[in-house]
Amino acid sequence: MDRRHRDDSADNGGDANGQREKRPRPAPRAISAAEIAEEFAHHDSSVARINNGSFGSCPASVLAAQRSWQLQFLRQPDEFYFNRLQPGLFHSRALVKDIINAADVDEVALVDNATTAAAIVLQHASWAFAEGAFRKGDAVVMLHYAYGAVKKSIHAYVARAGGHVIEVPLPFPVSSNEEIVREFRKTLELGKANGRRVRLAVIDHVTSMPSVVIPVKELTRICREEGVDQVFVDAAHAIGSVEVDVQDIGADFYTSNLHKWFFCPPSVAFLYTKKCSASSCLHHPVVSHEYGNGLPLESGWIGTRDYSSQLVVPSVMEFIGRFEGGIEGIRKRNHEKVVEMGKMLAEAWGTFLGSPPEMCCSMIMVGLPGCLRVSGEKDAMKLRSFLREKFKVEVPIYYQPPKDGEVLEKDGNNCVTGYVRISHNVYNAEGDYHRLRDAVHNLVADGYKCDMLSSK
């Protein structure tokens, strides 16, 4: 018998009925340390880059994919616009939808960054105040440690339209979620005083400076119990850094940057809007031809621009898939390592962490020796610049003023008022944090104080 026609399940991979057996694909080989270094070889190797939280990082393979999308547009713009752009954006949105557990892909829009997403939500709130849906004088609540640009947007959109803005005072250093919940409840009560209603609560998932993971699910639940109309979670640092399940969290609006901890090139974020009557009224601030066709389409065309950072999500998923455990594994290892390095620095400097490890993500706050005398935000910026220029260490520094009547942690005879916010991502090595440790030791040994550093 001709071997090509022989009925032999062992040869053709089928069973006795000729059905081909589906064989599982072999698991991809885990990415090596050398391959990680190659993916981030474009980073300045002379700098200890422990500030992933500010601008994120993008691997070379994703940058190559981005360049391919850019060239497709430049090669034949009309064909790209009519045939490739919207299918590509839809694919990215569908992937994000699954990652964040949204109910429908139409609940996910791609925008430039979390600041843009905040403008979309706050613009809607301002219209509600201006058009009478919200009564002037009703309250909008935000955390004291909300991101500076978002705080300004709240005042620019909401306060100008007649909303009463109230900040939730949060302790720092912080020791438990209960402290945050207690202050949040008190502020909601204040917001409802004198017959007001709280129309919108803006809650961070991970505050930027100081960096603390906020119990957003519990705060959202409290908002529902207290009759808050809408909840917007500003989660700029969340995706890739903490677990994100938007249905479980239950907020009306949720945004996170994809270029910080999710390896997209700058800049791109998603804005989730839970399907409800309010979501149909959201509009992109840049009005173009898709106005009125739903936020995902409005955001998918705001005029001729480079959309490539929004189109590379499939390539990012391929990169993440090379790591053991995928994004969950990356997130877990980053958290464990940043806590380890934070504890190492605190022990070396004789200080402490700004919050317990369970309230940290891939960033953690570490107190600086009080003898450096960080006495204001200008001092913090001067010290940050000095570490960059003299020691090639890139790390943000936070100033926490002493509070009247508060018993402060002490470092010798000096109050701790300065904190570094260290980040850890897949490209970091322990030597990056040792360089920061040694730089601060050198400053202390040489008697440096912040008032001795020049301003530029």
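On a predicted model such as this, the values are computed, not experimentally measured, just so you know.
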Q: Are Q72 and R84 linked by a side-chain donor-acceptor pair shorter than 3.5 Å?
A: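 Side-chain D/A pair, Q72 to R84: present.
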
Q: Please state whether the rings of Y398 and Y145 are parallel, tilted or perpendicular, taking 30° and 60° as the class boundaries.
A: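 Ring orientation of Y398 relative to Y145: perpendicular.
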
Q: Looking at E377, I want to see if its CD is surrounded by more than 12 non-hydrogen atoms of other residues, nucleotides or ligands under 6.0 Å.
A: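 No - once you tally the heavy atoms of other residues, nucleotides and ligands closer than 6.0 Å, there are 12 at most.
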
Q: Got a salt bridge between R437 and E430, using NZ or NE/NH1/NH2 to carboxylate O under 4.0 Å?
A: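 Salt bridge between R437 and E430, a charged N being under 4.0 Å from a carboxylate O: no.
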
Q: Can S126 and Q123 be counted as having a side-chain donor-acceptor contact under 3.5 angstrom?
A: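 Per modelled atom types, S126 and Q123 side chains form no pair under 3.5 Å.
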
Q: Quick check against the 3.5 Å criterion: does N428 have a side-chain atom that pairs as donor or acceptor with the backbone of R49?
A: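 Side chain of N428 to backbone of R49, a donor-acceptor pair under 3.5 Å: yes, one is there.
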
Q: Taking everything shown except E79 itself, do over 12 heavy atoms lie less than 6.0 Å from its CD?
A: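 Buried by this count: over 12 neighbours within 6.0 Å.
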
Q: Does H289 have more than 12 heavy atoms from other residues, nucleotides or ligands lying within 6.0 Å of its NE2?
A: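 It does not: H289 NE2 has 12 such atoms or fewer within range.
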
Q: Do the two ring centres, one from Y254 and one from Y272, sit under 6.0 Å apart?
A: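 So the answer is no for these two rings.
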
Q: May I ask you to check whether over 12 heavy atoms, not counting those of K217, lie within 6.0 Å of atom NZ?
A: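 No, the 6.0 Å shell around NZ holds no more than 12 heavy atoms from other groups.
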
Q: Taking atom types as modelled, is there a side-chain donor on E107 or T273 under 3.5 Å from an acceptor on the other?
A: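 No, because no side-chain N or O of E107 sits under 3.5 Å from a partner of the opposite role on T273.
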
Q: Between D106 and K97, does any NZ, NE, NH1 or NH2 come within less than 4.0 Å of an OD or OE carboxylate oxygen?
A: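 Looking at D106 together with K97, the answer is no, because their closest N to O distance does not fall below 4.0 Å.
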
Q: Quick check on E347: does its CD atom have over 12 non-hydrogen neighbours (other residues, nucleotides or ligands) under 6.0 Å away?
A: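 No, the 6.0 Å shell around CD holds no more than 12 heavy atoms from other groups.
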
Q: Within a 6.0 Å radius of atom CD on E38, are there more than 12 heavy atoms belonging to other residues, nucleotides or ligands?
A: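 Open: at most 12 neighbouring heavy atoms sit under 6.0 Å from CD of E38.
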
Q: Is a side-chain donor or acceptor of N257 paired with a backbone partner of A269 at a separation under 3.5 angstrom?
A: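 Pair absent, no side-chain N/O of N257 close to backbone of A269.
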
Q: Just by modelled atom types, is the S362 backbone N or O under 3.5 Å from a matching donor or acceptor in the H424 side chain?
A: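 Not confirmed, H424 side chain does not pair with S362 backbone.
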
Q: Run the salt-bridge test on R331 and E328 with the 4.0 Å N-O cut-off and return the result as yes or no.
A: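 Salt bridge: no.
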
Q: Does a side-chain N-to-carboxylate-O contact under 4.0 Å join E336 and K332?
A: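 Salt bridge between E336 and K332, a charged N being under 4.0 Å from a carboxylate O: yes.
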
Q: Just checking R160: does its CZ atom have more than 12 heavy atoms from other residues, nucleotides or ligands closer to it than 6.0 angstrom?
A: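 Not more than 12 within 6.0 Å, no.
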
Q: Has Y81 got more than 12 heavy atoms of other residues, nucleotides or ligands less than 6.0 Å from its OH?
A: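 Enclosed.
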
Q: Using a strict 4.0 Å threshold on nitrogen-to-oxygen distance, state whether R388 and E394 make a salt bridge.
A: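 Judged by the 4.0 Å cut-off on N to carboxylate O distance, R388 and E394 do form a salt bridge.
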
Q: Do R305 and Y307 meet the cation-pi criteria used here (NZ or CZ under 6.0 Å from the six-membered ring centre, within 45° of the axis)?
A: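 Output yes; distance and angle both within limits.
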
Q: Of the options V165, I203, V158, which is the one that meets M142 in a side chain to side chain contact (heavy atoms under 4.5 Å, CB included)?
A: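 When V165, I203, V158 are each tested with M142, the side chain to side chain contact (heavy atoms under 4.5 Å, CB included) holds only for V165.
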
Q: Regarding S385 and E389, is there a side-chain donor-to-acceptor distance under 3.5 Å anywhere?
A: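 The criterion, which ignores hydrogens and geometry beyond distance, is not satisfied for E389 and S385.
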
Q: Please tell me whether Y399 and Y419 form a close aromatic pair, meaning their ring centres lie under 6.0 Å apart.
A: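 That pair fails the under 6.0 Å test.
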
Q: Could you tell me whether the side chain of V366 reaches within less than 4.5 Å of the side chain of I364, counting heavy atoms only?
A: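 Yes; the side chains approach each other to less than 4.5 Å.
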
